[in-house]
Amino acid sequence: MTIRTRFAPSPTGNLHLGSIRTALYSWLYTRNRGGEFVLRIEDTDQERSTKEATQNIMESMEWLGLDYDAGPFYQAERLDKYRQAAEQLIEEGSAYRCYCSKERLTELRDKQLANKEKPKYDGCCRDKNLPARADQPFVIRFRNDLEGSVSFEDQVLGPLSFQNSELDDLVIIRSDLFPTYNFCVVVDDLSMKITHVIRGADHINNTPRQINIFRAFKAEPPIYAHVPLILGKDGKLLSKRHGAVSVLQYRDDGYLPEALLNCLVRLGWSHGNQEIFSRDEIIKLFDIKDINKAAASFDPEKLLWLNRHYIKTLDSKVIADRLKPFMQELKIDYQTSGPTLEELVVGLRERAETLREMAIKSRYFYENFEQYEDDAKKHLTPEIIPFVEAFKQSLEKLDAWTDEALHQAIEEVAKQFGLKLGKIAQPIRVAVTGSTVSPPLNTTLRLIGKQNTLKRISAVLLYLAKT
RNA sequence: GCUCCCUUCGUCUAGUGGCCUAGGACGUCGCCCUCUCACGGCGAAAACAUGGGUUCGAGUCCCAUAGGGAGCGCCA
């Protein structure tokens, strides 16, 4: 039997960390077992579904490299299937038409809540066998067993059992003829031959209802695995309405997909003490049985650490390539002059947490700056003039503009003036970068280039003369 | 309110009855390296929710309590 899993998001908002992680687990499971991964867009909510959200979902998956073997299927395009299936259930006595008004139902609900009862449909139309009428709106409800229980073996949580008396007769077709979630899921999982349903733990309570519908169709339900939810820093669920950030926001903030993937997979799943996983490794090692039962809080600091790790260790060509959009966005011209992007990456990779930060920090390699940063100015005092001039002369004579030659030049000037390296390096750093922070001075000078270095040193001498 | 789920350092986790005076990672703090910032190295503080059982022995099994989370729609 080939394994088939699916990711079935509803396009009612941007895809966030929680959703993409269940997609990831689902995807990993099929990739590990050589199965098929299906994408299904659950857009039966006409009110809230948007094209933009669908676009956002696909783009997020593409960015993280979660490719699918079938789909995307859109439920809104399969409405006939659901209607037919519902009719079939009515004929077989597993569903019925209900003409109860929304007003009556809200009233019922309020009353039950006031009585501290669990709100449920009272079965008013359950046994009336009402026919379809064109002049009056009705819904179709599933006829749930009143007694007995539903049990299943969850792959993450173990054996689970629910009393049928806790379930009520849920609406499967709305009065506008659109199907509802719990019904579409079953019809689709059945027709798409889904073998394993890996989804968020917020669906646990839906599972017994869905299993009953499967049974009504005389079909075997798939195997279920409910993965624990992701909580925010405050311990509350990460959701569209609460602190959830779009997956693409991480891309736009300069995170690498490798880092986010690694971070996400490790949130609720583990393989001994290992922290760093390549994509291939995760696929090879992933198993549902290693998923943790408890909900986890997402820690942005750890993501940052992983991002730094991948910025430092991924091929510099790859990083350079990923850096381009950020350079363009910041309008830094890296093509006409200055170091190549790859040289830049090698110089900055150990001091940037994100690609965006790297781009921001690269500015002085490509552009001359207008002024010195405020806290940098204190290094520019008249005392430095002699050795800055000496250094300038020594640079002018320098043929080889390399790290080694530059390092030697700096050291020689320091020796000549009997100063420690730090004493002269910092003022020069300020002179050429405008700030107190940069890669090692020799590397910084090398990347800025001879011409611009000398220009900026002349500029600092002018500045010093004026003060 | 009812139903269901969960509970090891601040956070992510290892741990499947003796190897645990509980290990790793992020973060925090200290030291070293050092031309700044980083990287790196070394080290420290930091947890089995509580109470009962079961057992020769419990973080590991059972039961209660507490705490947290989710669900209870003509949303998904």
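Lettering of chains follows the sequences in order, A, B, ..., and the numbering in each one begins at 1.
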>> Quick test of your reading: applying salt bridge (charged side-chain N to carboxylate O under 4.0 Å, His left out), list the pairs with at least one residue in residues 269-279 of chain A, sequence neighbours left out, ordered by first then second residue.
In response: A/Arg266-A/Glu275, A/Glu275-A/Lys302
> Can you name the residues that form a side chain to side chain contact (heavy atoms under 4.5 Å, CB included) with A/Gln426, not counting sequence neighbours?
Replying inline: A/His379, A/Arg429, A/Thr436
> Quick one, which residues of residues 207-216 of chain A touch RNA chain B with a heavy atom under 4.0 Å?
Replying inline: none
>> Counting only Watson-Crick pairs (N1-N3 plus N6-O4 or O6-N4) and G-U wobbles (N1-O2, O6-N3), all under 3.5 Å, who is the partner of B/rA44?
In response: B/rU28
> Are A/Arg40 and A/Asp189 ion-paired here, with the side-chain N under 4.0 Å from a carboxylate O?
Replying inline: yes
If you restrict it to nitrogen or oxygen atoms, what contacts under 3.5 Å exist between nucleotides 63-67 of chain B and the protein, and what is each distance?
none

>> Under 4.0 Å, counting only non-hydrogen atoms across every strand here, what does A/Gly268 touch: a base, just sugar-phosphate, or nothing?
In response: sugar-phosphate
> Would a distance-only check, ignoring hydrogens and angles, find a side-chain to backbone donor-acceptor pair under 3.5 Å from A/Arg143 to A/Arg126?
Replying inline: yes
> Does the ring center of A/Trp305 lie less than 6.0 Å from the ring center of A/Tyr310?
Replying inline: no
>> Strictly by salt bridge (charged side-chain N to carboxylate O under 4.0 Å, His left out), give each pair with a member in residues 146-168 of chain A just once, sequence neighbours left out.
In response: A/Lys118-A/Glu166, A/Asp168-A/Arg209
> From A/Cys98 SG over to A/Phe138 CZ, what is the distance, rounded to the nearest 0.5 angstrom?
Replying inline: 10.5 Å
>> Less than 6.0 angstrom separating the ring centers of A/Tyr372 and A/Tyr463, yes or no?
In response: yes
> Is the phosphate of B/rC37, meaning OP1 or OP2, less than 4.0 Å from a side-chain N or O of A/Ser438?
Replying inline: no
>> If I pick the P atom on B/rA49 and the same atom on B/rG67, what distance separates them, to the nearest angstrom?
In response: 16 Å
>> Ignoring hydrogens and geometry beyond distance, is the side chain of A/Glu275 in donor-acceptor contact with the base of B/rG24 at under 3.5 Å?
In response: yes
> Which value, in whole Å, describes the distance between the P atoms of nucleotides B/rU54 and B/rC2?
Replying inline: 32 Å
> In the 5'-to-3' direction, what one-character label does each nucleotide of nucleotides 38-44 of chain B receive under the scheme B = base within less than 4.0 Å of a protein heavy atom, S = sugar-phosphate only, - = no such atom?
Replying inline: BSS----
> How would you label the contact of A/Pro439 with the nucleic acid (heavy atoms, under 4.0 Å): base, sugar-phosphate, or nothing?
Replying inline: base
> What pairs of residues pass the ring-ring contact (aromatic ring centres under 6.0 Å, His included) test when at least one of them lies in residues 164-190 of chain A, not counting sequence neighbours?
Replying inline: A/Tyr181-A/His203
> Quantified in whole Å, what is the P atom distance between nucleotide B/rA14 and nucleotide B/rC72?
Replying inline: 30 Å
> Is A/Lys102 salt-bridged to A/Glu107, cutoff N-O under 4.0 Å?
Replying inline: no
>> So that I can tick it off, tell me whether A/Asp374 and A/Lys377 are bridged by a salt bridge, with the cut-off set at under 4.0 angstrom between side-chain N and carboxylate O.
In response: yes
> Does the pair A/Lys361/A/Glu357 count as a salt bridge with the N-to-O cut at 4.0 Å?
Replying inline: yes
> What are the two closest non-hydrogen atoms of A/Ala95 and A/Ile140, and how far apart are they?
Replying inline: CB-CG2, 3.9 Å
>> Can you confirm whether or not the ring centre of A/Phe152 sits under 6.0 Å from the ring centre of A/Tyr224?
In response: yes
> Taking atom P in both B/rU8 and B/rG68, what distance in whole Å separates the two?
Replying inline: 15 Å
>> At under 4.0 Å between heavy atoms, how does the protein contact nucleotides 4-11 of chain B? Give one character per nucleotide, 5' to 3', with B, S or -.
In response: SSSS---S
> Across all strands shown, which nucleotide pairs with B/rU65 by Watson-Crick or G-U wobble geometry, both distances under 3.5 Å?
Replying inline: B/rA49
>> If you count every heavy atom of other residues, nucleotides or ligands that lies below 6.0 Å from A/Lys450 atom NZ, does the total exceed 12?
In response: yes
> Which comes earlier along RNA chain B counting from the 5' end, the contact point of A/Lys118 or that of A/His407, where each point is its nearest nucleotide?
Replying inline: A/Lys118
>> Strictly by Watson-Crick or wobble contacts shorter than 3.5 Å, is anything paired with B/rU60, and which nucleotide is it?
In response: none
>> I'd like to know if A/Asp122 and A/Arg104 make a salt bridge, using a cut-off of under 4.0 Å between side-chain N and carboxylate O.
In response: yes
>> Does B/rU36 have its OP1 or OP2 closer than 4.0 Å to a side-chain nitrogen or oxygen of A/Ser435?
In response: no
> A/Ile410 CD1 to B/rU34 P: how many Å, rounded?
Replying inline: 16 Å
> Is A/Val171 touching bases, backbone alone, or none of the nucleic acid, heavy atoms closer than 4.0 Å?
Replying inline: sugar-phosphate
>> Applying ring-ring contact (aromatic ring centres under 6.0 Å, His included) as the test, list every pair that has at least one member in residues 422-446 of chain A; sequence neighbours left out.
In response: none
> Paired with B/rU3: which nucleotide, if any, by Watson-Crick or G-U wobble criteria at under 3.5 Å for both distances?
Replying inline: B/rA70
> Does A/Arg141 make a cation-pi contact with A/Tyr121, if we ask for NZ or CZ under 6.0 Å from the ring centre and within 45° of the axis?
Replying inline: yes
If you restrict it to nitrogen or oxygen atoms, what contacts under 3.5 Å exist between nucleotides 31-33 of chain B and the protein, and what is each distance?
none

Close N/O contacts between protein and nucleotides 19-23 of chain B (under 3.5 Å):
from: B/rG23; atom 1: N2; to: A/Asn273; atom 2: OD1; distance (Å): 2.5

>> Enumerate the salt bridge (charged side-chain N to carboxylate O under 4.0 Å, His left out) contacts for residues 413-426 of chain A, please, sequence neighbours excluded, ordered by first and then second residue.
In response: none
> Heavy atoms under 4.0 Å, any strand shown: does A/Asn206 hit a base, just sugar-phosphate, or nothing?
Replying inline: base
>> In whole Å, measure the gap between the C1' atoms of B/rC48 and B/rG24 for me.
In response: 16 Å
> Under 4.0 Å between a side-chain N/O of A/Arg109 and OP1 or OP2 of B/rG73, yes or no?
Replying inline: yes
